[in-house]
Amino acid sequence: RLAAFPVQVPPLRERREDIPLLVEAFIDRYAAKIGRPVQRASEATLERLRAYPWPGNVRELENVIERALILSRGAILEVAPELLPASAGAFTDAQPVSRRAAPGIAAIAATRTGSLRDAERGHILAALERTGWKIEGDRGAAAALGLRPSTLRSRMQKLAIHRGRSDCA
């Protein structure tokens, strides 16, 4: 029924003042879902997100925030420049990767050419390799990633990660 009354919504790159409100809403939505204690985004993160050219729209921002929450370690969300989609071309930021970021983020950041999905997949695979593919327990990959075991299994299924497959070694 939307064709009966079309609504024009300008792209996110033309509504930069909406970014902090959207980030807050996405943190509220995904922090509880993922089981993270994140309460807000850092001011540096908000500035980085406002400066980003957003070739996509709100869903692209939503995906960036969800990805950052998966990798977060503290109550303040940090979005490293490497987590922003590469589709913006030469967009870079001199801000260093947060020390609170999950182990292995430097390896993910070094790739810069892959998609967020590829980076997440690589991060999970690295954690699984480090833990001998143990998912649960204090020395399991879920604990290393700061996730619940069920969340890690769900991510593994979504990303087609299976032990013993040649593309997972």
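The model shown is predicted, which means the values in this text are computed figures rather than measured ones.
The residue from E14, R16, R15 that alone fulfils the side chain to side chain contact (heavy atoms under 4.5 Å, CB included) condition with W54 is R16.
In terms of heavy-atom proximity, E78 sits nearest to A68 at O-CB, 4.0 Å. For the pair T45 and V79, the tightest heavy-atom approach, listed with the atom from each and the gap, is OG1-N, 2.9 Å. Here the closest heavy-atom approach between residue V64 and residue L83 is recorded as CG2-O, 3.9 Å. Taking both residues in full, the closest heavy atoms of G140 and T131 are given as C-CG2, 3.7 Å, listed atom of the first, atom of the second, then distance. Nearest approach of A41 to V23, heavy atoms of both residues: CB-CG1, 3.8 Å. Contact record, L128 with A141: CD2-CB, 3.7 Å, taken as the closest heavy-atom pair.
In this structure, the separation between CG on L159 and CD1 on I124 is 5.0 Å, given to the nearest 0.5 Å. Distance check, rounded to the nearest 0.5 Å: CG of L84 to OH of Y52 gives 5.5 Å. One distance of note links CG of L152 with CD1 of I161; it measures 7.5 Å at 0.5 Å rounding. Separating the CZ atom in R163 from the CE atom in M156 is a distance of 9.5 Å, to the nearest 0.5 Å. Note that CG of L125 and CH2 of W133 are 5.5 Å apart. Values are rounded to the nearest 0.5 Å.
Applying the salt bridge (Lys or Arg N to Asp or Glu O under 4.0 Å) criterion to E136, with sequence neighbours excluded, gives R153.
Under a 3.5 Å cut-off, the side chain of R36 and the backbone N or O of I70 do form a donor-acceptor pair. Remark: side-chain polar atoms of N57 are not paired, donor with acceptor, to backbone N or O of P11 under 3.5 angstrom. R121 places a side-chain N or O within 3.5 Å of a backbone atom of A160 that can act as its donor or acceptor partner. Between the side chain of S72 and the backbone N or O of L77 there is no donor-acceptor pair closer than 3.5 Å.
Electrostatic pairing of R59 and E62 does not count as a salt bridge here, judged by no charged N lying under 4.0 Å from a carboxylate O.
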Apply side-chain contact (heavy atoms from CB on, under 4.5 Å) to residues I34 and E66 and explain how you reach the verdict.
CA-CA 9 Å; I34 295 171; E66 184 178 13; 4.1 Å; yes

Please assess N63 against E60 for the test side-chain contact (heavy atoms from CB on, under 4.5 Å), listing each intermediate value before the final yes or no.
CA-CA 5 Å; N63 291 336; E60 187 175 13; 5.6 Å; no

For a salt bridge (Lys or Arg N to Asp or Glu O under 4.0 Å) check, start with the C-alpha distance between E120 and R117, then their side-chain angles and the critical distance, and finish with the verdict.
CA-CA 5 Å; E120 181 179 11; R117 181 182 173 93; over 6 Å; no

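The 12-atom threshold is not exceeded at CZ of R148, counting heavy atoms of other residues, nucleotides or ligands nearer than 6.0 Å. Shown here is Q157, whose CD atom has no more than 12 heavy atoms of other residues, nucleotides or ligands within 6.0 Å.
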